[in-house]
Chemist: 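My questions will all concern the structure given below.
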Number of protein chains: 2
Amino acid sequence: MRIGELAARAGTTARALRYYESRGLLPARRDEHGHRTYEERDLRLLRQIRTLQDFGFDLEETRPFVECLRAGHPEGDSCPASLVVYRRKLDELDALIGELAAVRAKVGEQLARAEAARDGLAAEALVPGGPEPVCELGG
Amino acid sequence: MRIGELAARAGTTARALRYYESRGLLPARRDEHGHRTYEERDLRLLRQIRTLQDFGFDLEETRPFVECLRAGHPEGDSCPASLVVYRRKLDELDALIGELAAVRAKVGEQLARAEAARDGLAAEALVPGGPEPVCELGG
DNA sequence: CTACGGCTTGACGCCGACGTCAAGGCAAGA
DNA sequence: TCTTGCCTTGACGTCGGCGTCAAGCCGTAG
């Protein structure tokens with residue numbers, strides 16, 4: 001199997017595969033013409049990489065999984081190093097989700113406050129000399 | 001006030017201010033030496049930019065807020081365009097948080113499954129010929 | 001013969017928000 | 001006078017994961 005076919009079967013591009021090879025992640029043998037050749041097991045490795053990338057893993061973080069598979073283990077996460085990456089990723093996700101939730105809350109508050117201010121001004125404009133609410137400058 | 005002082009008072013760098021100016025976000029007057037000069041109100045604009053950036057807003061997304069302040073409004077979010085950005089950001093945050101939560105759940109599952117498999121193998125190793133669980137290859 | 005498709009390496013482009021370095025100007029203090 | 005410090009513009013570096021283009025090789029279908 002050559003690079004184009006492997007890429008297509010994994011739903012990615014030849015360029016990506018060359019990049020993975022340049023990172024030492026997915027080396028290839030060469031045929032008599034210098035073309036890269038791959039085997040079925042390489043498809044397995046590549047799918048492992050793609051799956052983890054879809055989860056937001058950095059390419060480097062997929063390395064333990066790939067090496068685990070290449071070492072003959074049944075799954076990419078059959079090795080301790082992979083579990084370490086899982087746990088670290090979970091921590092990162094929890095931290096990130098927490099930060100984003102806090103930001104979301106603050107932005108929501110800001111929006112609510114700004115809309116209230118806008119409505120307050122609108123009401124004031126509609127009713128001149130009306131009930132100026134909690135403004136210590138008014139009076 | 002020159003660029004270094006303004007940067008220090010806003011907790012950022014002169015380089016950042018020059019960048020903002022290059023983007024047309026925070027223009028500066030010049031003194032007789034060609035040095036950038038700023039006034040107190042520029043500090044207000046700059047702080048608005050920094051606050052939004054801390055929330056994860058793109059620099060471009062801070063523009064409506066800055067222009068709103070420059071137009072003389074009491075707050076950067078006193079203008080409709082700013083509220084639009086708020087709402088869009090909230091949607092983005094909700095979507096992102098949702099995706100991350102889904103990924104977190106999947107990674108958590110994978111970790112649990114991998115640990116269970118590992119423990120299963122460990123138990124098998126401790127008890128040779130023992131209760132080989134759900135492995136269709138065993139027997 | 002020629003076109004075409006697929007492969008090769010090499011190298012620059014991209015995106016965002018600056019960091020960092022180079023080379024030089026200008027003013028005040030020791 | 002010399003140094004120090006702050007300022008200027010210009011331009012390249014950073015990071016990740018490739019996209020895209022250039023130039024060229026190889027085999028095959030028409």
Side-chain angles (χ1 to χ4, degrees), chain A residues 1-39 42 45-66 85 88-89 92-93 96 100 103, chain B residues 1-39 42 45-66 85 88-89 92-93 96 100 103:
Chain A
M1 178 167 35
R2 289 182 302 175
I3 193 169
E5 185 182 345
L6 178 58
R9 289 178 65 184
T12 181
T13 66
R15 180 68 183 89
L17 299 202
R18 294 196 195 98
Y19 179 67
Y20 299 157
E21 182 175 353
S22 78
R23 304 285 94 189
L25 201 59
L26 191 65
R29 259 154 281 149
R30 302 301 180 108
D31 65 14
E32 70 272 19
H33 300 302
H35 291 186
R36 290 173 178 80
T37 60
Y38 301 88
E39 298 165 21
D42 289 320
L45 304 186
L46 184 49
R47 283 186 171 148
Q48 175 73 80
I49 294 172
R50 301 289 299 172
T51 298
L52 293 176
Q53 279 195 319
D54 287 346
F55 283 170
F57 283 53
D58 292 343
L59 198 54
E60 260 324 297
E61 293 177 321
T62 73
R63 193 180 297 274
F65 296 80
V66 175
V85 174
R88 188 159 48 75
K89 186 56 65 177
E92 287 175 14
L93 283 168
L96 182 55
L100 291 177
V103 166
Chain B
M1 177 167 37
R2 288 182 301 176
I3 194 171
E5 184 182 346
L6 178 58
R9 288 179 64 184
T12 181
T13 66
R15 179 70 183 88
L17 299 201
R18 294 196 195 97
Y19 179 66
Y20 300 157
E21 182 174 352
S22 78
R23 303 285 94 189
L25 201 60
L26 191 65
R29 260 154 282 149
R30 303 302 180 107
D31 65 14
E32 70 273 20
H33 301 301
H35 290 186
R36 291 172 178 81
T37 58
Y38 302 89
E39 298 164 22
D42 290 319
L45 304 186
L46 183 50
R47 282 187 172 147
Q48 175 74 80
I49 294 172
R50 301 288 299 171
T51 298
L52 293 176
Q53 279 195 319
D54 287 345
F55 283 169
F57 283 53
D58 292 343
L59 197 53
E60 257 329 292
E61 293 177 322
T62 72
R63 194 180 295 275
F65 296 81
V66 175
V85 174
R88 187 159 47 75
K89 185 58 64 177
E92 288 175 14
L93 283 168
L96 182 55
L100 290 177
V103 167

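Chain letters run A, B, ... following the sequence lines, proteins first, then strands; residues in each count from 1. All values derive from a computational prediction rather than experimental measurement.
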Chemist: For C/dC18, does either OP1 or OP2 sit under 4.0 Å from a side-chain N or O belonging to B/Tyr20?
Modeler: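 The answer is yes; a side-chain N or O of B/Tyr20 sits under 4.0 Å from OP1 or OP2.
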
Chemist: What contact category does B/Arg18 fall into here, base, sugar-phosphate, or nothing, at under 4.0 angstrom with non-hydrogen atoms?
Modeler: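 The answer is base, as B/Arg18 lies within the cut-off (heavy atoms under 4.0 Å) of a base atom.
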
Chemist: Write down the distance between OH (B/Tyr19) and C1' (D/dG10), rounded to a whole number of angstrom.
Modeler: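 The answer, rounded to whole Å, is 16 Å.
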
Chemist: What is the distance, to the nearest angstrom, from the CG atom on A/Leu17 to the C1' atom on C/dG6?
Modeler: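 For the pair A/Leu17 CG and C/dG6 C1', the rounded distance is 14 Å.
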
Chemist: Are A/Arg36 and C/dT8 close enough that a side-chain N or O sits under 4.0 Å from OP1 or OP2?
Modeler: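 Yes, within the criterion.
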
Chemist: Measure the distance from CE on B/Met1 to P on D/dC6 and round it to the nearest whole Å.
Modeler: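 The answer, rounded to whole Å, is 16 Å.
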
Chemist: Expressed in angstrom and rounded to an integer, what is the separation of B/Asp31 atom CG from D/dC6 atom C1'?
Modeler: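 From B/Asp31 CG to D/dC6 C1': 12 Å.
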
Chemist: OP1 or OP2 of C/dG16 sitting under 4.0 Å from any side-chain N/O of B/Gln53?
Modeler: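 Checking C/dG16 against B/Gln53, no side-chain N or O comes under 4.0 Å of OP1 or OP2.
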
Chemist: Can you check the B/Leu25 CG to C/dA17 P distance for me, whole Å?
Modeler: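 These atoms are roughly 10 Å apart.
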
Chemist: Categorize B/Arg23 for me: base, sugar-phosphate, or nothing, with a 4.0 angstrom heavy-atom threshold over every strand shown.
Modeler: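 Nothing, no heavy atom under 4.0 Å.
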
Chemist: Please report the distance, rounded to the nearest Å, between CD in A/Glu21 and P in C/dG10.
Modeler: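 One finds 12 Å between P of C/dG10 and CD of A/Glu21, rounded.
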
Chemist: Among residues 54-63 of chain A, which residues get a heavy atom nearer than 4.0 Å to DNA chain D?
Modeler: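 Result for residues 54-63 of chain A: A/Asp58, A/Leu59, sorted by number.
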
